[in-house]
Amino acid sequence: MRIVRSVGEVRAALAPLRGGSVGLVPTMGAYHDGHLALFRAARAECDTVVASLFVNPTQFLAGEDFGGYPRDEAADATLAAESGVDLLYVPTVDEVYPTGFQTHVEVAGLAELLEGAHRSGHFRGVATVCLKLFNTIRPDRAYFGQKDAQQVAVVQRLVRDLDVGVEIVVVPTVRDATGLALSSRNAYLSATEREVAGALGRALTAGAAAWRAQPGDATAAAANAAATARAVLAAEPRLTVDYAEVARFDSTTVLAGAIRVGRTRLIDNVVLDEGDPPA
Ligand code: PAF
């Protein structure tokens, strides 16, 4: 696996490989099994696998964890190489946002719900860096985790609206034995906080069961799913709920939640339906 740090180096490295397909896995590092599942999916489908490793400052709000976000390039590089990544693109902030940078991508509407309502401006940073990565790497496919369902929807929207010509592949969420969705931010949790955080996965599972118990009435099923999830979360006083709501992104309906445990904010979702909603 080769590590490259500039747009010019990435393009030069990929130039002789353009005859085959290129897969991109955009990441912010601190790799866990969720990232490795993305790498493996890309490896299985693409001739060349590129991963980007960049903690993107523009998607963090003031006061969020940009400074403390876990960074360990050497450990990440080892895991990426072992998972079949061919090229690891590790740009500096100046490489991505050089002096004078003033163009941003806004996905209106979609980026203002759920996460967008709690982290105003977050998806502007995500959309901007993803478009830059797509333009730099020009992948045939890009791989994203289902855990960030709204991010997937925002990226799919921008790809369609701006005719980017990359196929977005969504890889299922990876969970630990307790049902906690894997996230780089789980590293912030103490043992007790980890136990508390498990309530989110349990709440979403209970909400999904409530959804399934009410076939034929989409509005009632959605209200019941969200209320069930909120009730499970309310029973755990050591966490704060930002939201637990049913959302529809294109043809996918999800029950999504965000909680705060101590100083850590966690998100998760379960897919309720991938086709038409109940009548
Ligand atoms: O999901 C992430 O890790 C980030 O939001 C992404 C897609 C790499 C953009 O910085």
Side-chain angles (χ1 to χ4, degrees), residues 7 10 23-39 41-42 49-61 64-73 75-77 79-80 83 85 87-93 95-97 101 104-107 110-111 114-116 118-137 139 141-159 162 164 166-174 181-188 249 254 256 258 264-269:
V7 172
V10 181
L24 167 66
V25 183
T27 80
M28 298 206 299
Y31 294 156
H32 49 66
D33 283 349
H35 294 105
L36 306 194
L38 298 174
F39 297 149
V49 177
V50 183
S52 59
L53 196 180
F54 178 62
V55 184
N56 174 34
T58 63
Q59 69 187 77
F60 291 79
L61 274 55
E64 289 190 343
D65 55 342
F66 174 67
Y69 198 85
R71 292 167 170 85
D72 188 344
E73 182 185 318
D76 284 344
L79 287 170
S83 308
V85 172
L87 199 64
L88 187 64
Y89 175 42
V90 192
T92 60
V93 172
E95 182 69 18
V96 178
Y97 301 112
F101 187 92
H104 295 271
V105 181
E106 294 270 7
V107 179
L110 189 52
L114 305 179
E115 280 304 282
H118 288 267
R119 301 181 73 197
S120 177
H122 165 69
F123 285 122
R124 181 185 200 247
V126 171
T128 302
V129 81
C130 285
L131 185 58
K132 288 207 59 152
L133 291 168
F134 295 157
N135 285 336
T136 300
I137 292 149
R141 301 185 192 93
Y143 294 79
F144 291 84
Q146 173 62 35
K147 186 178 82 67
D148 298 295
Q150 192 175 4
Q151 169 170 280
V152 168
V154 165
V155 171
Q156 281 171 331
R157 186 76 258 168
L158 102 81
V159 162
L162 301 181
V164 180
V166 54
E167 180 192 343
I168 302 302
V169 181
V170 186
V171 175
T173 303
V174 179
L182 298 194
S183 160
S184 303
R185 291 189 168 99
N186 292 353
Y188 301 149
F249 299 128
V254 298
T264 307
R265 186 170 185 281
L266 299 169
I267 62 170
D268 193 2
N269 70 87

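Atoms within a ligand are numbered from 1 in the order they appear, just like the ligands themselves. By convention here, the first residue in the shown sequence is residue 1.
For Glu64 (side chain) and Leu61 (main-chain N/O), a donor-acceptor pair under 3.5 Å exists by modelled atom type. Side-chain N or O atoms of His122 include one that pairs as donor or acceptor with a backbone N or O of Gln59 at under 3.5 Å.
Ion pair Asp268/Lys147 not flagged as a salt bridge, since none of the NZ, NE, NH1 or NH2 atoms sits closer than 4.0 Å to an Asp/Glu carboxylate oxygen.
Aromatic ring centres of Phe39 and Tyr143: separated by at least 6.0 Å.
Here Glu115 pairs with Tyr243, Arg265 under the side-chain hydrogen bond (donor to acceptor under 3.5 Å, both in side chains) rule; sequence neighbours left out.
Between the side chains of Asn56 and Tyr97, at least one donor N or O sits under 3.5 Å from an acceptor N or O.
Pocket lining of ligand 1, defined as residues with a non-hydrogen atom under 4.0 Å away: Pro26, Thr27, Met28, Asn56, Gln59, Val129, Phe144, Gln151.
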